[in-house]
Amino acid sequence: MISEARWLAVTTITLTTLSAAISISISAYTFNRKCNALKSKIHELELSLKSCSDNCASERQGRIGAQQMLRKQLTQPKSENLNLTYYPMIPIGTIHSCFSTRNGTPRQPLLVPLARACLVFNTSRVPPASLEGLAEYSHCWIIYVFHLNTNLEKLWKHPSQSGFKAKVRVPRLKGGKIGVFGTRSPHRPCPIGLTVAKVEAVQGNMILLSGVDLVDGTPVLDVKPYLPYCDSIQEAAVPNWLMEDNLLSVASVSFSEEFISSLESCWITAEKKSLYASPGEFQSLVMQVLSWDIRSLSQRNRPRDAIRKKEKGQLLCDTSDVDDEHLGETAIVHEREQNSLNSMEVVYHLILEGLDVSYRIDHDGNVIVEKVSTSAVLDNKLDSYNYLTWKDKLQ
């Protein structure tokens, strides 16, 4: 009985052990299969990832190659004009200036401190965040396009057909010519201008500037802060003909009673579109602008021969420029009959803030501002900008 019981116990233990071993073997087999399947899946994923990486690298190399080829094509001369290269430059903003026309726009910056402009940026190209920090500078450089040059279309032609003049007439030399790169003439191989202006305020996508020499509608390519430590050169030398002070200044500027009364009347319409807070401030602008002789060279030399017509009181256009061989600054004049048929008086017209300012200059260089009236330019002047905000900042 005891032997049989032992045998049964041993048999039970053996069967239990065998069952456990079989169960462990099955579990190990299953685990190994899962591990192998997982390793296979990981290997597949690694191969797929490598393939994707190779494809991305190949695409990147293709894009880099295409970009290099595109840049090469853009900077290579065109077959029809071997002297032209092209770069991606598009205006980033537009100047809204007090100078409605080129006539009267100062020849240099900062000559008219009250000359104001609002530079409005294209937000699709220049986010407002781009202007952060600019208000901490007192002045800035502005790179722009001479968009009103009358010979722009010629610059697209071959140099032999463009009619480009290597020398231009200079006002201070009374008609004498100098190489274009020795002057600041707007008539250049590349019609790009550089000016400096005072930064009055920065708001959103706009900069309020003063001391400008920019005509309304000027396209702007870039703005850079003015740095006195490297932009101001104390020992800079200039030609002797530039050292003559007051060569283009006038003797005096006076205003008639009619100007004062007509300005009060016009201001009712002009105020909401103006960069100036009052008629008195606008009058100060007129005085600063006319403190310089803004007439063209031919007008100063031959004020009665600008471009005449026999009809009395008809508006005439003098298309003489600093360089008389180019069409340029347009001064509107008309002649007024005096006591005799042979005595004629020239009345000039200056368009500021869309207002037509009439004035005369006598033989002694005294300017008499006669009256002001609204013009068609005022109707087209933009009023969508919050100029009142700017005026508050200038108070």
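Keep in mind it's a predicted model, so treat the numbers as computed, not measured.
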Donor-acceptor under 3.5 Å ([X] side chain, [Y] main chain):
X: S100; Y: G354; value: yes
X: S97; Y: L214; value: yes
X: D362; Y: G365; value: yes
X: E281; Y: A277; value: yes

Does [atom1] belonging to [X] count more than 12 external heavy atoms closer than 6.0 Å?
X: E257; atom1: CD; value: no
X: R184; atom1: CZ; value: no
X: Y226; atom1: OH; value: yes
X: I233; atom1: CD1; value: no

Smallest heavy-atom separation, G204 atom then L131 atom, equals O-CD1, 3.3 Å

Is the closest side-chain donor-acceptor distance between [X] and [Y] under 3.5 Å?
X: S232; Y: Q234; answer: yes
X: D213; Y: T195; answer: yes
X: W141; Y: D231; answer: yes
X: S252; Y: N366; answer: yes
X: T101; Y: N103; answer: no

| field | In one Ile/Leu/Val/Met/Phe/Trp/Tyr side-chain cluster, 4.5 Å: V196, L194 | value | yes

Under a 4.0 Å threshold between the charged nitrogen and the carboxylate oxygen, would E370 count as salt-bridged to R360?
yes

- request: Please determine if E353 and R116 form a salt bridge, counting it only when a charged side-chain N lies under 4.0 Å from a carboxylate O.
  value: no

| query | Which class fits the ring pair Y276 and F282: parallel under 30°, tilted 30 to 60°, perpendicular over 60°? | reply | perpendicular

Do the rings of F255 and F259 sit parallel, tilted or perpendicular, given the 30° and 60° boundaries? tilted

